[in-house]
A.B. asks: 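Below is the structure I would like to discuss, written out as C-alpha cells.
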4 protein chains.
Amino acid sequence: MTNLKPPTTRRDRQIQRKRQEILAAASEVFAQKGYAAATTKDIANAADLGESTLYNYFESKRDILLAILEENHALLDTVFQMTQGLANRDALIELFDRSLEIFSGRIPFIRTILAEAWVDNDVLNTYVVTRLKQASRLIEDFIENQVSAGVFRPIDPALGSRLALGMFFSLVLPALRGVEAPPSPAQRRAWAESVVSFLLDGIRTR
Amino acid sequence: MTNLKPPTTRRDRQIQRKRQEILAAASEVFAQKGYAAATTKDIANAADLGESTLYNYFESKRDILLAILEENHALLDTVFQMTQGLANRDALIELFDRSLEIFSGRIPFIRTILAEAWVDNDVLNTYVVTRLKQASRLIEDFIENQVSAGVFRPIDPALGSRLALGMFFSLVLPALRGVEAPPSPAQRRAWAESVVSFLLDGIRTR
Amino acid sequence: MTNLKPPTTRRDRQIQRKRQEILAAASEVFAQKGYAAATTKDIANAADLGESTLYNYFESKRDILLAILEENHALLDTVFQMTQGLANRDALIELFDRSLEIFSGRIPFIRTILAEAWVDNDVLNTYVVTRLKQASRLIEDFIENQVSAGVFRPIDPALGSRLALGMFFSLVLPALRGVEAPPSPAQRRAWAESVVSFLLDGIRTR
Amino acid sequence: MTNLKPPTTRRDRQIQRKRQEILAAASEVFAQKGYAAATTKDIANAADLGESTLYNYFESKRDILLAILEENHALLDTVFQMTQGLANRDALIELFDRSLEIFSGRIPFIRTILAEAWVDNDVLNTYVVTRLKQASRLIEDFIENQVSAGVFRPIDPALGSRLALGMFFSLVLPALRGVEAPPSPAQRRAWAESVVSFLLDGIRTR
DNA sequence: AATGAATGAGTTTTCATTCAT
DNA sequence: AATGAATGAAAACTCATTCAT
C-alpha cells in the first residue's frame, strides 16, 4: 500500500548484477596476470566498460580484489556446513568429491585468492589459513575418532590431515593453474575413491 | 711456477659475487611482494645499492628474475642426479628427506619461482613443469616396478606420483610461504618416514 | 532530414584537433632543440598539457616525430601535383615561387624533418630523398627538353638539377634555420625571377 | 745544455695526440648519431678507451664537441688566406675546387658542426655564420668588381653570392651526409668548372 | 549511470660524471 | 694515465584515480 520497498530495490539489484559482472571479469584478469600486473584498463576491457565506470561500483582496484575474496569466502562456507559427520569411508569420498567440484567451479576466483595469499599475509590469514584450519580440524577429528576406534594406526592427526590436503591440492592445482581441464564429475568421483583408498589402505598388497 | 690463470679473473669473480648478492636481495624482495609489485627501488635498497647500479649488473628488472630462475634450475639438478635408483623403502625416505632439505635451503628463490610460474606460462613450463615431470617420472617408474613385482597393488602410476608430490608439497609449502619455520633435520627425517609409511601402508590397522 | 553522419564523429574530430595541437607544439620544440635533445616535458609544456596526457594521443615520443613527418609528407605532394608541365620560363618561376611559399609556411615542420634526416637514414630516405628525387626528375626532364630543343647548351641534366636545388635551398635555409624572416610574397617573386634569370642567362653581360 | 724544454714536452705531445684520437672518434660518433643522441659510452668505444678515461682529456661531453668545433674553425682559415684575389674565372674555379677538397677531407667534423649549428645559436653564429660571411664577402666583392668592370650584368651581389654558396653546398652535401662518396680530385675539378660556367654563362645557348 | 579526458605520483631505465685504485 | 664501479639526476613512460559532462 505504502511506498515501503523491499530492502533491495530493482536498482539495487541492477547494481549488484553489474558488480558481479565486474568481479567475474576482474577475477579472470587477476587469474591470468596476477593482481599487481593487472591494470584497471585490463579489467575494464574484460568487463566491456569504460575504465572510469569501474569507480562507480568499486572504490579502488584493491577494493575489487577484496570483493572477490569476500564473495568466495562466503561461498566456501557451504562445504563445511555440509560436512558435519565424516563418519565413514563414503563420507570421506563424498567430501573429496564435493570439494573438487566446488574448486572446479570457481577456478579464476580461487586462483586469484591463492596468488594474492602468496604475497599478502592479511589475505593469507583471513581467507586461506582460516579455511584450511577448518578443513584440517574436520579431518583431524575424523582421524582421532578412527584411531580411538582402533580402525587407524596411532598416527599424528595433524600430519595425516596435512598430507590429505596435499593430495587434494595435487589434484586441483593443475586445473586451477590452467594447464589441465577441470575434472569431469566422473573423474572427480574416481579421484575421490582412489585417494581415500590410498589414504586408508596404502598402496602395498596385503 | 706456471703463469696459468684460471678462466675467471679476480674481476670476473668480483662481478659474479656482486651479482649473487643482488640476486639474493632480489629474491627476498620478490618472495615478499611478488615480482610485479616489487620495484627496482626495493631491490636496490635490499641490496644496499643505488638503483642505477643494478643496471651495471643486469639489463633489466626482468633479467634479474630470469637470473634467479636460471640459477636455481641448475641447482635443482643435484636432486635428480642423486636419485638414480629409488629401489626400496629406504631410498624413498632418502629422496623425500633430501628434497625437503633442498627446498628448505632455497626458500626465497623457490617462493619467487612458484609465484611467477603462477602467472607466466613460459616460466611455468621452463622451470616448473619440466622439473615436476622429472620427479614424476622417477616416482612412476618406482611404482611400476613395485606393481610388477607384486609389492604394490595395481594402481595408476601417474596418479600415485601426483599424490605423492602433493604430500611432499603439503610439507614444504608452509615454510616456503613463511608461516612455518623450515623443518629441522630431525623433523625432515621424521616426515620422510611418516610419508613413506602412509604411502606404502596406509593408515588403517591391519 | 537524414540521420547520415559523416565518417568522423565529433569526438574523432576533437581528438584529431588535439593531435594537431600537440604536433604543432612538438615541431616547435623539435625545431628549436632537435628531436634527441627535446624532452617530453618540453613538448608537454609547449602544448600546455601534462606530460602523461601526451600518451593519450601518441604512443611514444618517437611516434610524435613520425606523425610530424607523415603529415608533411602528404602535404608536400601538392607541390608536385601542381607542377606537371614546367614548359617555359614562367612555369619555372612559378615553381620556384610556389615552393618557396610552401617551405615558408611549414618552417618548424621542415626544420624538424631536415634535422632528423641528418642523423637517421630511414627518415632521410623515406621523407627527403624520395622528395628530392621527384623534384630533381622534374628539373632534369625540363633540362633535357630544352637541350633537345636547342635552347640550352648540352649540359648534364643531373648536375643542372642539383645546382638548381642548391640555389633554392640557399634561399629558404636561413628562414628555416630561424636567422631570417620568411620571405614576403614580393620577396619570393623577386627571388624566383632572379634565380631563373641567373640559371638561364648567367650573370655575364652579353 | 740546461733543462730548458720546448713549450711542448713529450708528455704534452702525447696528451695532444690522445686528444686528437678522441676527437676523431667522437666526431665519427657525433656525425652518425648527432651530439644529443651520442653517449659518452659510444665515444669511449669508438676511441677504444674506458668511459672515465675521456674525462682525463676533456671536462665534459660538451667540451669534446667544442674542441671539435674549435679545431676545424682554425683549419678553415686556410681557405680564406689562400683566396685573396679571386680576380678571374680561373681563380673562381680554383676556389671552388679547393673548398670542395677541404670539405671532402673533414666530413665527420663538418657534419657534426652543421648538425649542432642547426639547433644551437651560439654554434651557428660562432662557427658557421662567421665563416659564411667571410666567404660571402669574398664572392660579393668579386661580383661588384665584375659589375663595375661591365663584365657582369648589374645584379645584387648578396643574392649572387648566396646562390653561388647554394650551388657549392648542393655538391658537398650528399657526401657530408654519407649518401655519396666524397668527390675524386677529377670530379671536383669538373664540378668547379661546370659551376663557374653555369654561373657566368648561364645554360642557354647564345 | 557512463565515460572521455587529464594527470600526479611513481616506475623502469639511461647516462654523464665522480672517485678510489 | 687508465678505468671499473657507483650513482644522482633526469628521461620516457605507466597507471590508478578524478572530474566534468
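Naming: A, B, ... by sequence-line order, numbering from 1 per chain.
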A.B. asks: Quick check with a 6.0 Å cut-off and a 45 degree axis cone: is B:K61 positioned over the face of B:Y35's six-membered ring?
C.D. replies: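 Because its charged atom sits under 6.0 Å from the ring centre and within 45° of the axis, B:K61 does stack over B:Y35.
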A.B. asks: Kindly indicate whether the side chain of A:N56 and the base of E:dA2 share any N or O donor-acceptor pair separated by less than 3.5 Å?
C.D. replies: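 Side chain to base: pair present.
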A.B. asks: With a non-hydrogen cut-off below 4.0 angstrom, is D:A37 in contact with a base, only sugar-phosphate, or nothing?
C.D. replies: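 No contact.
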A.B. asks: Between atom CD1 in C:I64 and atom C1' in F:dA12, what is the gap in whole Å?
C.D. replies: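 Result: 11 Å.
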A.B. asks: What nucleotide, of E:dT12, F:dA12, F:dT7, holds the atom closest to the side chain of B:T40?
C.D. replies: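 Selected nucleotide: E:dT12.
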A.B. asks: Hey, which sits more toward the 5' end of DNA chain E by its nearest nucleotide, C:S52 or B:R62?
C.D. replies: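 Looking at the nearest nucleotide for each, C:S52 comes out on the 5' side.
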A.B. asks: Tell me: CD1 of B:I43 to P of E:dT11, nearest whole Å?
C.D. replies: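 Going from B:I43 (CD1) to E:dT11 (P), I get 12 Å.
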A.B. asks: Counting only side-chain nitrogens and oxygens, does B:K18 get under 4.0 Å of the OP1 or OP2 atom of F:dG4?
C.D. replies: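 No, B:K18 has no side-chain N/O under 4.0 Å of OP1/OP2 on F:dG4.
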A.B. asks: What's the separation between atom CG in C:L66 and atom NE2 in C:H73, rounded to the nearest 0.5 Å?
C.D. replies: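 Here the rounded value is 12.5 Å.
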A.B. asks: When the distance from CD of C:Q14 to P of E:dT3 is rounded to whole Å, what number comes out?
C.D. replies: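 For the pair C:Q14 CD and E:dT3 P, the rounded distance is 19 Å.
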A.B. asks: Once you apply a heavy-atom cut-off of 4.0 Å, does A:A44 come out as touching a base, just sugar-phosphate, or nothing?
C.D. replies: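 Contact class for A:A44: none.
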A.B. asks: I want to confirm an ordering. Mapping B:L54 and D:L49 to their closest nucleotides on DNA chain F, which one lands closer to the 5' end?
C.D. replies: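 Taking each residue's closest nucleotide, the earlier one in sequence belongs to D:L49.
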A.B. asks: Could you tell me whether B:E71 and B:R19 make a salt bridge, using a distance below 4.0 angstrom between a side-chain N and a carboxylate O?
C.D. replies: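 Salt bridge flag = no for B:R19 with B:E71.
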A.B. asks: Measure the distance from CG on B:D63 to C1' on E:dT12 and round it to the nearest whole Å.
C.D. replies: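 So the CG-C1' distance, B:D63 to E:dT12, works out to 13 Å.
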A.B. asks: Does E:dA20 pair with anything, Watson-Crick or G-U wobble, both distances under 3.5 Å, and if so, with which nucleotide?
C.D. replies: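 Partner of E:dA20: F:dT3.
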A.B. asks: What integer distance in Å separates A:Y55:OH from F:dA16:C1'?
C.D. replies: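 In whole Å, F:dA16 C1' lies 4 Å from A:Y55 OH.
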A.B. asks: Quick one: C:R11 CZ to F:dT21 C1', roughly how many Å, whole number?
C.D. replies: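 Distance check: C:R11 CZ to F:dT21 C1' gives 12 Å.
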A.B. asks: Just name whichever nucleotide pairs with E:dG8, Watson-Crick or G-U, keeping both distances under 3.5 Å, else none.
C.D. replies: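 By the stated definition (distances under 3.5 Å), F:dC15 pairs with E:dG8.
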A.B. asks: What is the distance, to the nearest angstrom, from the CD atom on A:E51 to the C1' atom on F:dT18?
C.D. replies: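 Computing the A:E51:CD to F:dT18:C1' distance gives 12 Å.
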A.B. asks: Round to a whole Å and report the spacing from NZ of A:K41 to C1' of F:dT14.
C.D. replies: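 Checked: the NZ to C1' distance equals 11 Å.
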A.B. asks: Is any side-chain nitrogen or oxygen of D:T53 closer than 4.0 Å to OP1 or OP2 of F:dT3?
C.D. replies: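 So the side chain of D:T53 is within the cut-off, an N or O lying under 4.0 Å from OP1 or OP2 of F:dT3.
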A.B. asks: What I want to find out is whether A:R62 reaches A:E116 closely enough, with some N-O distance under 4.0 Å, to be called a salt bridge.
C.D. replies: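 A salt bridge is present here (some side-chain N lies under 4.0 Å from a carboxylate O).
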A.B. asks: Between A:Y57 and E:dA1, is there a side-chain N or O to OP1/OP2 distance below 4.0 Å?
C.D. replies: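 Negative; the distance criterion is not met.
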A.B. asks: On DNA chain F, does the nearest nucleotide to C:T39 precede the nearest nucleotide to B:I15 from the 5' side, or the other way round? Give the residue.
C.D. replies: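 Per heavy-atom nearest nucleotide, the more 5' residue is B:I15.
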A.B. asks: I'd like to know if D:E28 and D:K33 make a salt bridge, using a cut-off of under 4.0 Å between side-chain N and carboxylate O.
C.D. replies: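 Salt bridge: no.
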